[in-house]
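As the structure lists them, so they are numbered: ligands from 1, and atoms in each ligand from 1.
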Amino acid sequence: MLQVYLVRHGETQWNAERRIQGQSDSALTEKGERQAWQVAERVKALGITHVIASDLGRTRRTAEIIAQACGCDVTLDARLRELDMGVLERRHLDTLSEEEEGWRRLLVNGTPDGRIPEGESMLEMSNRMHAALNACRDLPAGSRPLLVSHGMALGCLVSTILGLPAWAERRLRLRNCSISRVDHQESPWLAPGWVVETAGDISHLDAPALDELQR
Ligand SMILES: O=C(O)[C@@H](CO)OP(=O)(O)O
């Protein structure tokens with residue numbers, strides 16, 4: 001059975017400042033670097049064969065640390081990027097106007113086609129994330145890949161595997177450097193296809209970062 005590990009990148013400067021990143025980028029904080037080493041230590045005994053990361057800087061850095069511990073290379077896949085949050089990227093969550101806050105809420109509160117101006121819909125993100133996950137099925141038999149991606153992107157992937165709508169991802173708290181696992185099962189007796197084994201595990205972190213929305 002194919003097991004795929006899903007890791008959100010370590011805490012970044014803008015996560016800590018409550019600024020919207022999306023497909024813009026900021027560096028890992030000192031805590032974020034430590035989280036990356038801790039998740040690497042946790043997964044190094046799991047037999048990871050491939051580390052595949054979103055091509056944004058924060059996921060690349062986290063993936064490099066994990067790959068070093070696992071003894072493999074990092075492959076980049078732009079389909080694993082965070083949601084494109086259009087004109088709201090780089091903005092501080094606390095300085096949004098009422099109209100801007102409305103765009104954000106439209107996106108996370110139940111309209112699959114809702115999008116921030118110049119941004120991407122949850123449905124579009126869900127489609128590319130599933131394509132990246134399904135590509136793992138083409139790896140050689142016995143592979144055990146680990147994907148390094150983002151909060152909304154991974155939340156959307158896990159939610160939709162559970163049969164929830166893409167925007168349900170905001171009901172799932174995937175903190176920085178949390179580990180989730182999804183398996184692809186063929187059993188005719190159980191739901192065939194992807195199943196969620198675990199989501200949002202942070203038991204390996206000594207300093208879990210608050211989610212930016214909790215701060
Ligand atoms: O883009 C962002 O600001 C956040 C949203 O949850 O995602 P991440 O920090 O995981 O890239």
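Using a 4.0 Å cut-off between a side-chain N of Lys or Arg and a carboxylate O of Asp or Glu, Arg34 and Asp206 qualify as a salt bridge.
With a 4.0 Å cut-off on non-hydrogen atoms, Asn15 touches ligand 1 through its side chain and not its backbone.
Side chains of Ser54 and Glu82: a donor-acceptor N/O pair is absent below 3.5 angstrom, by distance only.
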Test log, rule side-chain contact (heavy atoms from CB on, under 4.5 Å), inputs Glu89 and Asp84: CA-CA 8 Å; Glu89 292 200 359; Asp84 181 341; 3.4 Å; yes
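Ligand-side atoms of ligand 1 in range of Gln21: 1 (O), 2 (C), 3 (O), 8 (P), 9 (O), 11 (O), range being under 4.0 angstrom from any heavy atom. Using a 4.0 Å cut-off to heavy atoms of His150, the atoms of ligand 1 that qualify are 10 (O), 11 (O). Which parts of ligand 1 touch Met152 is read off a 4.0 Å heavy-atom cut-off, strictly below it: atoms 6 (O).
Looking only at distances, a side-chain donor or acceptor of Thr49 sits under 3.5 Å from a matching main-chain atom of Arg144.
Residue His9 places a heavy atom under 4.0 Å from ligand 1.
Glu100 meets the side chain to side chain donor-acceptor pair (under 3.5 Å) test with Arg91, Ser97; sequence neighbours excluded.
In terms of N/O distances under 3.5 Å, ligand 1 is approached by Gly22. Remark: ligand 1 and Met85 share no N or O pair separated by less than 3.5 Å (distance only, no angle test).
Among Arg175, Arg58, Arg8, Arg91, the residue whose heavy atom lies closest to atom 11 (O) of ligand 1 is Arg58.
You'll find the side chain of Val87 reaches within 4.5 Å of the side chain of Ile116, heavy atoms only.
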